[in-house]
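Data block below; observations after.
Throughout, a chain's letter reflects where its sequence line sits, starting with A, and its residues are numbered from 1.
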Amino acid sequence: MIEQILTNKVTEAVKTLYQSDAAPSQIQLQNTRKEFEGDITVVVFPFTKSSRKSPEATASEIGEYLKSNMEEVESYNVIKGFLNITVKKDYWLSFLSTNYGSANFGFRDVSSSQPVVVEYSSPNTNKPLHLGHIRNNLLGFSLSRILQSAGKKVVKVNLVNDRGIHICKSMLAWQRWGNGETPESSGLKGDHLVGKYYVIFDKYFKQQIAGLVATGMYAEEASKKAPLILEAQQILQKWEAGDKEAVDLWKKMNGWVYKGFAETYKTLGIEFDKTDYESQTYLIGKKLVEEGVQKGVYTRREDGSVWIDLGAEGMDEKLLLRSDGTSVYMTQDLGTAMQRYDDYKPEQLIYVVGNEQEYHFNVLKVVLKHLGCEWSESMYHLSYGMVELPAGKMKSREGTVVDADDLMQEMFDTSEAMARELGKIDSFDDEEAKTLYRTIGLGALKYFILKVDPKKNMLFNPAESVDFNGNTGPFIQYTYARIKSVLRKAAEAGYEVSFAPSGSVELLKPERELLRKIHDFPAIVTQAAELHSPAIIANYAFDLASEYNRFYHELTILKEENLSSRALRLSLSQFTAKVIANALWLLGIDVPERM
RNA sequence: GGCCUCGUAGCUCAGUGGAUAGAGCAGCAGCCUUCUAAGCUGCGGGUCAUAGGUUCGAAUCCUAUCGGGGUCACCA
């Protein structure tokens, strides 16, 4: 890579010219801004201390040194403290000809021995997936692909929260008001059916609370004493005791939900290597807590509850086990983490979980450390922000959640309407058209969500998310499809899409800009993996597509009569298509051959 | 209240130590006998929340203040 060579040569220049060692952090390279001539810019301000000359003079001296000592340098110019280097076209052309046919340009082979474990999705089994889960799923899936492409072995894990009081609420409501309704009899997706009874529970529960409050009870007390919640707790106790009736119902309803989830995951296009269930891992956690008590790092109180005091770490006292011996959230996560470590000895253990749980994960890390698990340092919480709606926050109880299945269907419908309006599918058969609606609808949704920095809260505006113009997934997909069309036309005309480097071919500005952009891709993948941010890839993909569109409009391709130029532009187009496809693949977005 | 986090154009977002802070949307004006107009070009739009500080250089780092969000459960 040219950047590496340049870094070395600049170090050498500073050493030779000023008898001084430049620290790696002092060597700042950046892409030259478009309004100036050049490809790569060296910022020379850091060297003026050792040169004891003006920034301009320093830049000129280094520029002169590079020009005579580095064969890739064509020329240079100096503006203030910025040394703009123009790289020889031979470098660019050889970069193009050696890489344009490579299927996995920008991706590294998997080289790590220990895997990175990415846990994401992690749904509760009492209601269907919603918009918040979509952000989670897309981030987790995309991050997995990014890490893998940066050379990591990746294991994608889903941790299903299949036990607890919330499930029992749905079970109770179904027993009482369900009349034996099943997904088959109702025509509802399993997860939606179970979610329906969760809502029914809540409705009657609220009525009971209101009734108790009317008799003079405080609301807080009423919510603990309402008959429905007491019954749900009884079911939970029965379940923990292994009561057959409770367990059978639990299995049946969870089965419906899993079927529904599987469908949603499939439509969304995400998958897992392994699925864990909390009903199986919470016991490991309990054992760990016992161990901690025996080691004396956790303390058991008189009532039987177990605590850890994290005052020394600037945190609170934290409950690890209830007085009745049942486990809490932290207990389960301890168990799950330990199991992950035992199974994989991961290089890094990544949790894709909302930022409202930041404190929880900080505590989890420290609690494990107290147990002597130094590996807890390798846990990384990818803490993403909430998805807000124009009307405000999503609240399941107020019916303001955006259901995942509904949302995807809406995207498909909109893309269909749009494609018809634009007359895009006249030559498509039904099957191909349907695939296109899905590809584009999902492309719009995924890009809309992934282009935002994970850690930030984001606003989901339904009207804007179905927009297919501008900075959107479909714009990028369209750029790809158009390149494919050009390549098809070229093949029909008998032009060969191959590039033989030739000294006589010119490299015009739009071509050079496009090549520079493509040249950045491998570095972008590395950066995205380091920062755990699919948004970096998304924004890059848009920049690249924009760059191609400028190239496309400024230069003819098929009508170009100079053979070398046409070959250059065709191979450049093909290269761009490949990189766009690779970038979108990292985001889990498919590309259409035609649109 | 303690801790965490965010605040950039009318709106949604890029930009985390470098040049005159960028896109898209929305608004206005152009471009389809042409390789796909889901596109391209142009115009207008900014006290980078505020005030200090560090630095040759700050939207970016530090401190304080203001504003939004989160969190501090024998919920998950």
Confirm from the modelled atom types if T479(A) and A38(B) form a donor-acceptor pair under 3.5 Å, side chain to base only.
no

Base, sugar-phosphate, or nothing for Q28(A), non-hydrogen atoms under 4.0 angstrom?
base

Suppose you measure atom P in U33(B) against the same atom in C28(B); what distance do you get, rounded to whole Å?
24 Å

Answer yes or no: is there a donor N or O on one side and an acceptor on the other, between the side chain of Q280(A) and the main chain of Y277(A), under 3.5 Å?
no

ring-ring contact (aromatic ring centres under 6.0 Å, His included) between Y198(A) and F201(A), worked out:
CA-CA 5 Å; Y198(A) 187 70; F201(A) 174 92; 7.2 Å; no

Rounded distance (Å) that lies between atom P of A38(B) and atom CZ of F475(A):
12 Å

Quick one: does S323(A) reach the base of C74(B) with a side-chain donor-acceptor pair under 3.5 Å?
yes

So, does R33(A) get its side chain near the phosphate of G22(B), meaning an N or O under 4.0 Å from OP1 or OP2?
yes

Whether E240(A) and R163(A) form a salt bridge (side-chain N of Lys/Arg under 4.0 Å from carboxylate O of Asp/Glu) is what I want to check.
yes

What is the nucleic acid contact for N84(A), judged by heavy atoms within less than 4.0 Å: base, sugar-phosphate only, or nothing?
base

Can you check whether F45(A) stacks with the G18(B) base, using ring centres under 5.5 Å and planes within 30°?
yes

Can you tell me the distance, in whole Å, between the CE atom of M458(A) and the P atom of G69(B)?
18 Å

Can F82(A) be said to stack with the base of G18(B), given centres closer than 5.5 angstrom and planes under 30 degrees apart?
no

For the pair made of CG in N457(A) and C1' in G70(B), what is the distance, rounded to whole Å?
8 Å

Hey, mind stepping through D467(A) and T472(A) against side-chain hydrogen bond (donor to acceptor under 3.5 Å, both in side chains) and telling me if it holds?
CA-CA 7 Å; D467(A) 197 346; T472(A) 64; over 6 Å; no

With rounding to the closest Å, how many angstrom separate the C1' atoms on C40(B) and U54(B)?
46 Å

Return the value, rounded to whole Å, for the distance between atom CZ of R163(A) and atom C1' of C75(B).
12 Å

Syn or anti conformation of C6(B), syn meaning chi within 90° of 0:
anti

Looking only at atom P, what distance separates A19(B) and C61(B), rounded to whole Å?
16 Å

N77(A) side chain to E37(A) main-chain N or O, any donor-acceptor pair under 3.5 Å?
yes

Between L29(A) (CG) and G17(B) (P), how many Å, whole number?
14 Å

Are there any protein N/O atoms within less than 3.5 Å of an N/O atom in nucleotides 4-9 of chain B, and if so, which ones and at what distance?
from	atom 1	to	atom 2	distance (Å)
C4(B)	O2'	E358(A)	OE1	3.0
G7(B)	OP1	K456(A)	NZ	3.4

How many angstroms lie between CG in L283(A) and CD in Q332(A), if you round to the nearest 0.5 Å?
10.0 Å

Separation between the P atoms of A64(B) and C72(B), rounded to whole Å
24 Å

Using OP1 and OP2 only, check whether a side-chain N or O of R322(A) sits under 4.0 Å from C75(B).
yes

Could you work out which one of C74(B), A19(B), G69(B) sits closest to the side chain of M386(A)?
G69(B)

Taking atom P in both C3(B) and C62(B), compute the distance separating them and give it to the nearest angstrom.
15 Å

Contact class for P46(A) (heavy atom, under 4.0 Å): base, sugar-phosphate, or nothing?
base

F361(A) and Y351(A): CA distance, side-chain angles, deciding distance, ring-ring contact (aromatic ring centres under 6.0 Å, His included) verdict:
CA-CA 9 Å; F361(A) 280 98; Y351(A) 290 88; 4.8 Å; yes

Base-contact (B) and sugar-phosphate-only (S) positions in nucleotides 23-36 of chain B, heavy-atom cut-off under 4.0 Å, - elsewhere:
SSS---------BB

Could you state the OH-C1' distance from Y329(A) to C72(B), rounded to the nearest angstrom?
16 Å

Any side-chain donor paired with an acceptor under 3.5 Å for Y495(A) and E560(A)?
no

Of the candidate nucleotides A14(B), U20(B), C72(B), which contains the atom at the shortest distance from the side chain of K80(A)?
U20(B)

Where does the angle between the aromatic ring planes of H532(A) and Y380(A) fall among parallel (under 30°), tilted (30 to 60°) and perpendicular (over 60°)?
parallel

Tell me the interatomic distance from I167(A), atom CD1, to A76(B), atom P, rounded to whole angstroms.
11 Å

What about N461(A), does its side chain sit under 3.5 Å from the base of C11(B) through a donor-acceptor pair?
no

Looking at K224(A) and E221(A), is there a salt bridge between them, counting it only when a charged N and a carboxylate O are closer than 4.0 Å?
no

Using a heavy-atom cut-off of 4.0 Å across all strands, would you classify V452(A) as base, sugar-phosphate, or nothing?
sugar-phosphate

Across the strands shown, which category fits Q30(A) at heavy-atom distances under 4.0 angstrom: base, sugar-phosphate, nothing?
base

Of the listed U71(B), C13(B), A76(B), the closest approach to the L459(A) side chain comes from C13(B)

With Watson-Crick and G-U wobble geometry limited to distances under 3.5 Å, how should the secondary structure of RNA chain B be encoded in dot-bracket form, using | for bases paired to another strand and [ ] for crossing pairs?
((((((((.[[[[.)..(...]]]].(((((.......))))).....[[[[[..)....]]]]])))))))....

In this structure, how many angstroms lie between the P atom of A19(B) and the CD1 atom of I40(A), rounded?
18 Å

Which of these nucleotides, G18(B), G69(B), C74(B), is closest to any side-chain atom of S305(A)?
C74(B)

Salt-bridged, E290(A) to K286(A), with N to O below 4.0 Å?
no

Judged by each residue's nearest nucleotide on RNA chain B, which is more toward the 5′ side, W307(A) or P474(A)?
P474(A)

Is it true that a side-chain atom of S305(A) and a backbone atom of R301(A) form a donor plus acceptor pair closer than 3.5 Å?
no

Side chains of Y447(A) and Q477(A): is there a donor and an acceptor less than 3.5 Å apart?
no

Could you check whether K509(A) pairs with E554(A) (Lys NZ or Arg NE/NH1/NH2 to Asp/Glu carboxylate O, under 4.0 Å)?
no

Regarding L321(A), tell me which of base, sugar-phosphate or nothing describes its non-hydrogen contacts under 4.0 Å with the strands shown.
nothing

Rounding to the closest angstrom, what is the interatomic distance between U55(B) and U16(B) at atom P?
23 Å

So what does D303(A) touch, heavy atoms closer than 4.0 Å: a base, only the sugar-phosphate, or nothing?
base

Can you tell me, in whole Å, how much space there is between the C1' of A26(B) and that of G45(B)?
12 Å

Given A76(B), U41(B), G39(B), identify the nucleotide with an atom nearest to the side chain of N549(A).
G39(B)

Sidechain-backbone polar pair: H381(A) side chain, V353(A) backbone, donor-acceptor under 3.5 Å:
yes

If I pick the P atom on A58(B) and the same atom on U20(B), what distance separates them, to the nearest angstrom?
11 Å

